[in-house]
Amino acid sequence: MAKAKTNTEDYLRMYAQMVRIRTFEDNANQLYLSAKMPGLTHMYSGEEAVAVGICEALTDDDRITSTHRGHGHCVAKGAEFKQMFCELLGKEEGYCRGKGGSMHIADQSHGNLGANAIVGGSMGIATGSALRAKLQGSDDVTVCFFGDGATAQGLWYEVMNMAALWQLPVIYACENNGYSEYTRTEEIAAGSITARAEAFGIEAHQVDGQDVLAVNGLTRKLVERARKGEGPFFIELMTYRYHGHHVGDINREYYRSKDEEKDWKENRDPIVRFRSWLVAEGIATEEEIEAMNAKIETDASEAVAYAEAAPYPDMSEVDMHVYAD
Amino acid sequence: MREITLSQAVNEAIAEEMRRDGTVFLMGEDVAEAGTPFKVLSGLVEEFGTERVIDTPISEPGFVGMAVGAAMTGARPIVDLMFGDFIYLVMDQLCNQAAKQHYMSGGKLTVPMVLRTNMGATRRSAAQHSQSLQALVAHIPGLKVAMPSSAYEAKGLMKTAIRDNNPVVIFEDKLMYQDKAPVPEEEYLIPFGEAHIKREGSDITLIATSSMVQVAEKAAEMLASEGISAEVIDPRTIVPLDEATLLDSVRKTSRAIVIDEGHQSYGVTAEIASRLNEKAFYHLDAPVLRMGAMDVPVPFSPALEDTTVPTPEGVTDNARRLCAGEMIDAA
Ligand SMILES: Cc1ncc(C[n+]2csc(CCOP(=O)(O)OP(=O)(O)O)c2C)c(N)n1
Ligand SMILES: [Mg+2]
């Protein structure tokens with residue numbers, strides 16, 4: 001069972017986890033810009049309160065499925081920087097021994113069933129995990145993360161129907177960041193997204209995805225109810241990605257204005273908002289917060305240096321793991 | 001002759017056909033203002049408007065199915081599937097619906113549509129964005145499959161595909177979009193089912209598709225310096241397949257290696273090799289060799305990924321050994 005998040009320690013952990021995600025992404029972006037990271041990656045910066053608010057309501061037994069924009073989910077569910085950076089650089093010590101990379105990072109030990117490079121590709125997996133929980137009488141809950149763009153995938157409607165028919169312990173968490181690649185959500189989604197879940201009789205909520213306490217409070221309630229067989233649920237989290245669709249999407253004014261980006265960053269940043277709240281409530285001082293930030297930055301730099309120096313997998317690994325023993 | 005990139009060649013082919021035929025239209029994810037993530041279609045929406053260059057939601061089976069319906073009722077849709085790996089999502093629409101309408105209706109219905117998509121590994125895009133799935137669709141009667149090996153082929157094959165009365169799937173290698181080649185200013189089409197002999201030779205035939213043509217040409221260079229004369233042939237379309245040109249070559253050289261970036265097992269290479277065995281057996285001095293991608297999901301790590309695809313060195317080595325009469329243990 002998830003613990004009630006009412007004490008100082010929990011608040012500070014939520015703050016630290018959000019900063020860890022931002023710091024991880026800043027370092028990952030830097031690796032890309034300095035041509036040290038193979039391929040491309042999608043930054044989670046700006047959406048930290050979503051992953052942290054939700055994952056802080058879960059235990060290690062609860063599962064999540066993640067997306068192409070998955071570093072935030074991975075960190076929030078408990079992953080370590082070292083193995084994550086190793087994976088991003090294709091190194092042997094990465095979570096997937098370098099075989100998956102950014103878009104397929106998975107962390108079995110904390111219940112992260114994996115990122116997915118197919119938009120909506122994890123909706124069946126998450127719902128199947130919830131079906132298993134029900135069949136085996138287990139009280140764990142599965143959260144399925146996906147973007148607003150993924151609501152256009154037919155698979156979602158098929159699995160929502162079954163999840164609702166069979167009251168499965170799954171929470172569909174739609175991270176609505178206003179864009180699906182280079183297209184505004186209004187141009188790809190007709191009608192209301194919450195109404196789509198409601199059409200299947202699924203209780204649907206919309207929440208400010210930049211407010212970690214709001215996200216966490218709502219998720220804790222829904223997780224408790226899902227454990228008791230009152231699922232499934234749907235949450236639409238209104239949020240924003242600070243970077244381009246991927247790290248290489250730099251000139252993006254043709255689809256998104258600099259003013260809009262500035263407004264979200266300056267007025268609605270989830271970390272800045274929560275930080276002021278922590279100080280105002282007397283939960284932490286500015287000095288304590290600065291010390292936390294500094295510690296996280298050091299951890300990240302050390303993990304990056306470690307990953308850069310780490311070895312690639314041996315060539316003989318290439319045809320290992322195609323089939324299980 | 002002027003040189004343009006493969007990306008520009010595709011863009012020109014589509015623009016020319018859209019100007020020529022008002023029933024041609026384009027649809028797919030981020031094809032309009034964004035011009036696709038690879039920027040292949042940039043500028044088309046400015047000329048043809050959002051009525052004919054249509055951005056869709058991320059609903060691949062939906063919009064491919066709609067293309068089938070539009071094609072059956074008088075339009076000529078070109079569908080853009082952002083990555084070849086997404087072909088699994090649209091298999092029913094493509095293979096059960098598009099491919100079979102003409103046959104099931106006793107020749108009454110036609111589905112003149114083009115599905116343009118891509119293939120190719122070594123871009124560090126991992127297992128779900130790197131596959132070369134041409135064998136999957138080539139297996140289905142009713143679908144034609146084109147695999148351009150340069151900007152020149154990309155333009156000529158695209159124009160033919162748009163005018164063809166059948167569903168055509170075109171696989172472009174995503175690593176070749178910026179590669180330049182001479183492309184005439186004047187209009188030309190490349191007929192389907194006509195292989196192109198890229199280089200003449202007498203000791204061994206290298207049959208290669210898409211970017212593997214470059215691999216074969218490099219291997220032929222290396223072999224030439226060792227005194228082995230390799231002929232390089234690009235089938236250009238794998239359905240229909242220009243068997244005659246391949247057979248003529250193999251009857252002349254008596255040896256062949258078939259190279260394609262799809263997985264080696266049950267693949268394009270196996271099909272071509274087996275036709276050569278069946279029809280040129282008594283002219284062969286060595287078993288026909290298949291070289292495809294390793295039978296593993298494409299790994300992310302550069303250290304692993306580079307070992308999964310055929311290389312000029314690998315082709316050269318195998319060709320040298322075949323010419324020396326050695327047996328090669330292919331997977
Ligand atoms: C089935 C499928 N279609 C298309 C893509 C290409 N693609 C990758 S991310 C993306 C946009 C996803 O938008 P959204 O779901 O809102 O997530 P966001 O990137 O905004 O987090 C697209 C179209 C894909 N990976 N999978
Ligand atoms: Mg989005």
Side-chain angles (χ1 to χ4, degrees), chain A residues 37-41 68 86-92 94 96-105 115-121 147-155 180-185 187-190 245-246 248-249 252 254-255 311-323, chain B residues 28-39 42 45-46 50 54-65 82-83 85-90 92-93 121-131 263-265 293-309 331:
Chain A
M37 189 181 61
L40 289 173
T41 183
H68 58 284
C86 281
E87 192 58 38
L88 258 58
L89 298 185
K91 301 299 179 75
E92 183 185 342
C96 310
R97 302 190 69 78
K99 282 190 161 132
S102 162
M103 282 203 293
H104 302 287
I105 199 160
N116 207 308
I118 300 299
V119 167
D148 48 286
T151 62
Q153 285 284 320
L155 179 61
S180 167
E181 265 188 4
Y182 320 110
T183 304
R184 297 185 68 82
T185 310
E187 293 172 39
I188 52 99
H245 171 60
H246 55 67
D249 173 24
R252 48 182 180 272
Y254 73 94
Y255 73 88
Y312 283 111
D314 189 79
M315 259 153 62
S316 65
E317 293 213 9
V318 70
D319 61 356
M320 275 166 58
H321 311 123
V322 179
Y323 298 98
Chain B
E29 292 152 24
D30 279 316
V31 293
E33 282 77 15
T36 78
F38 294 100
K39 304 292 169 206
S42 296
V45 72
E46 280 78 6
T50 49
I54 305 172
D55 270 344
T56 64
I58 315 173
S59 303
E60 289 85 0
F63 65 75
V64 171
M82 196 184 292
F83 281 86
D85 311 66
F86 308 159
I87 215 157
Y88 299 124
L89 280 89
V90 306
D92 181 65
Q93 297 308 314
T122 69
R123 195 172 161 265
R124 317 309 179 209
S125 305
Q128 295 171 343
H129 279 66
S130 308
Q131 297 166 88
H263 293 300
Q264 175 144 314
S265 293
M294 201 180 276
D295 289 328
V296 302
V298 180
F300 166 72
S301 184
L304 302 180
E305 186 180 25
D306 289 342
T307 70
T308 65
V309 292

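In what follows, chains carry the letters A, B, and so on, assigned in the order in which the sequence lines appear, proteins first and then strands, with residues in each chain numbered from 1.
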Toward chain B, the part of [X] with a non-hydrogen atom under 4.5 Å:
X        : value
A/Asp249 : neither
A/Tyr254 : side chain
A/Met315 : both
A/Leu89  : backbone
A/Val119 : side chain

Considering all heavy atoms of both residues, which atom of [X] and which atom of [Y] are nearest to each other, and what is their separation?
X        : Y        : result
B/Pro57  : A/Ala152 : CB-CB, 3.5 Å
B/Pro297 : A/Val322 : CD-CG2, 4.1 Å
A/Gly90  : B/Phe300 : N-CE2, 3.5 Å
B/Ala127 : A/His104 : N-NE2, 4.0 Å

Among [options], which residue has the highest count of heavy-atom pairs closer than 4.5 Å to chain A?
options                               : result
B/Ser59, B/Pro61, B/Pro299, B/Gly62   : B/Ser59
B/Glu305, B/Arg124, B/Gln128          : B/Gln128
B/Thr308, B/Ile58, B/Val296, B/Thr307 : B/Ile58

Name the region of [X], side chain, backbone, both or neither, that has any atom closer than 4.5 Å to a heavy atom of chain A.
X        : value
B/Thr56  : backbone
B/Ser125 : backbone
B/Phe86  : side chain

Any chance you could measure [X], atom [atom1], to [Y], atom [atom2], to the nearest 0.5 Å?
X        : Y        : atom1 : atom2 : result
A/Arg184 : B/Asp55  : CZ    : CG    : 13.5 Å
B/Leu89  : A/Leu155 : CG    : CG    : 8.5 Å
B/His129 : A/Met103 : NE2   : CE    : 4.5 Å

Pick from A/Gly39, A/Gly121, A/Gly154 with the largest number of heavy-atom pairs that fall under 4.5 Å of chain B: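 The option with the most such pairs is A/Gly39.
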
Top contributor to chain B interface from A/Lys99, A/Glu87, A/Gln153, A/Arg97 [non-hydrogen pairs under 4.5 Å]: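 Looking at each of A/Lys99, A/Glu87, A/Gln153, A/Arg97 in turn, A/Gln153 comes out on top.
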
Test item: A/Leu40 and B/Arg123 side chains (from C-beta on) under 4.5 Å apart, heavy atoms: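 A side-chain contact under 4.5 Å exists here.
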
